[in-house]
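A short write-up of the structure that comes next.
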Amino acid sequence: MKLPSFEYACPTTISEAVALLTAHDGEAKPLAGGQSLVPMMAFRVASPSLVVDLRKLSELRKIRIADGGVTLGAMVRWRDILDDSRLRSAHPLLVAAVEHVAHYQIRNRGTVGGSVAHADPAAELPGIVVTCEATIAAVGKGGTRLIEADDLFVGPLMTALKPDEIITEIRFPAWPARRRFGFSEFARRRGDFALAAAALFYDEDNAGRAHNAHVGVIGVGDRPLRLTAVEDSINGSRVNETLIAKAEAAASAAVEPPDDIHASGAYRKALVGVMVERALKNAMT
Ligand SMILES: Cc1cc2nc3c(=O)[nH]c(=O)nc-3n(C[C@H](O)[C@H](O)[C@H](O)COP(=O)(O)OP(=O)(O)OC[C@H]3O[C@@H](n4cnc5c(N)ncnc54)[C@H](O)[C@@H]3O)c2cc1C
């Protein structure tokens, strides 16, 4: 399908990009990898009068790893994450999730900022951002704003970003070397969006009891969800078969996914329990 007509700009600085978005008062949209925006324009779901291409903003392409955690520039692509061997120890849960994102061609262009701004409830990265309590830095006409992941996603394809704001960075807290983690996803075909997935991690005390459990799920609500009931079932206990059965039941009980063209709500409710079970088994090994 042909795209609707639009103006195009390719600024070389963030402030120029923000000025363009501000001047168009909600009628302009940033373009990152184009893997979601361009199809949405083709289907007339989005019709910006101006497309502001971020590709020349090279400062948004950096991956920084420091004692305080991992920071991904908004224009970092899926491929950059998979190619950066440092991330396999600096943030293995992030890498495990990105391995499930789309196909080779899309991973070459799609970006982390675009994914988070697009806010698909079945997308992997928004789920990881919520599970790991990442912070999103956005720059707009009012300056830089730091948004907690939990406050960013407000509904399907909806975020708390203002029309003049550009995501510049996603900041993940530090990842301890001995942390246990798991990621499990079910999709009809490899690379499709998840029907359901679970991302989780916990730390262990000297007696092998879990604490600081974080459990996030995608594909079962209007946004990525943290399942505190499942976290409560894990914290303070050793992770074994009995605990995993309880966590699986708690995960299914905690969600009420609607029916849609891909699966019934009842199916996803059962599936998310299985995803938590598998992710916990991953974490134990
Ligand atoms: C066939 C197919 C399969 C896919 N499968 C998956 C999958 O399994 N999992 C998955 O997670 N994704 C999947 N995707 C989506 C893909 O990962 C996209 O790359 C991603 O959702 C959007 O990133 P983008 O860089 O392409 O953003 P764009 O398409 O350029 O932009 C998406 C939206 O974000 C806004 N935006 C972009 N950058 C910024 C920024 N820095 N600040 C503020 N707003 C911004 C745009 O204005 C637009 O509204 C798939 C896409 C396709 C076409």
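Note that the structure is a prediction, hence the values are computed from the model and not measured. Counting starts at 1 for both ligands and their atoms, in listed order.
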N/O separation below 3.5 Å, [X] to ligand 1:
X      : value
Thr111 : yes
Glu165 : no
Trp78  : yes
Leu161 : no
Ile106 : no
Leu37  : yes
Pro30  : yes

To the nearest 0.5 Å, what is the distance between [atom1] ([X]) and [atom2] ([Y])?
X      : Y      : atom1 : atom2 : result
Tyr8   : Asp53  : OH    : CG    : 3.5 Å
Leu82  : Arg88  : CG    : CZ    : 6.0 Å
Met40  : Leu3   : CE    : CG    : 12.0 Å
Leu157 : Arg223 : CG    : CZ    : 12.5 Å
Leu94  : Ile170 : CG    : CD1   : 9.0 Å
Thr12  : Leu54  : OG1   : CG    : 12.0 Å

Between [X] and [Y], is any pair of side-chain heavy atoms under 4.5 Å apart?
X      : Y      : result
Ile166 : Val18  : yes
Glu169 : Arg64  : yes
Leu60  : Ile14  : yes
Arg171 : Leu146 : yes
Arg61  : Arg55  : yes

[atom] [closest protein heavy-atom partner, distance rounded to 0.1 Å]:
atom                    : value
atom 14 (N) of ligand 1 : Phe193 CZ, 3.4 Å
atom 49 (O) of ligand 1 : Lys29 NZ, 3.4 Å
atom 26 (O) of ligand 1 : Gln35 N, 2.8 Å
atom 28 (P) of ligand 1 : Gly34 N, 3.4 Å
atom 32 (C) of ligand 1 : Gly114 O, 3.8 Å
atom 20 (C) of ligand 1 : Ser36 OG, 3.5 Å

Does ligand 1 have an atom that lies less than 4.0 angstrom from a heavy atom of [X]?
X      : result
Gly191 : yes
Leu125 : no
Val112 : no

Going by the atom numbers of ligand 1, which of them fall below 4.0 Å from some non-hydrogen atom of [X]?
X     : answer
Leu54 : 40 (C), 41 (N)
Gly33 : 24 (P), 25 (O), 26 (O), 27 (O), 30 (O)
Ala74 : 41 (N)

Kindly identify the option in [options] whose heavy atom sits closest to [atom].
atom                    : options                       : value
atom 36 (N) of ligand 1 : Ala117, Gly110, Ala197        : Ala117
atom 5 (N) of ligand 1  : Ala32, Ala102, Pro39          : Ala102
atom 40 (C) of ligand 1 : Asp192, Ile167, Val45         : Ile167
atom 10 (C) of ligand 1 : Arg55, Arg189, Lys162, Glu124 : Glu124

(message) Do the side chains of Asp84 and Arg86 get close enough for a salt bridge, i.e. N-O under 4.0 angstrom?
(response) yes
(request) Would you confirm whether the ring centroid of Phe193 sits within less than 6.0 angstrom of the ring centroid of His262? (result) no
(request) Look only at the side chain of Arg109 and the backbone of Gln35, and say whether a donor-acceptor pair between them is shorter than 3.5 Å. (result) no
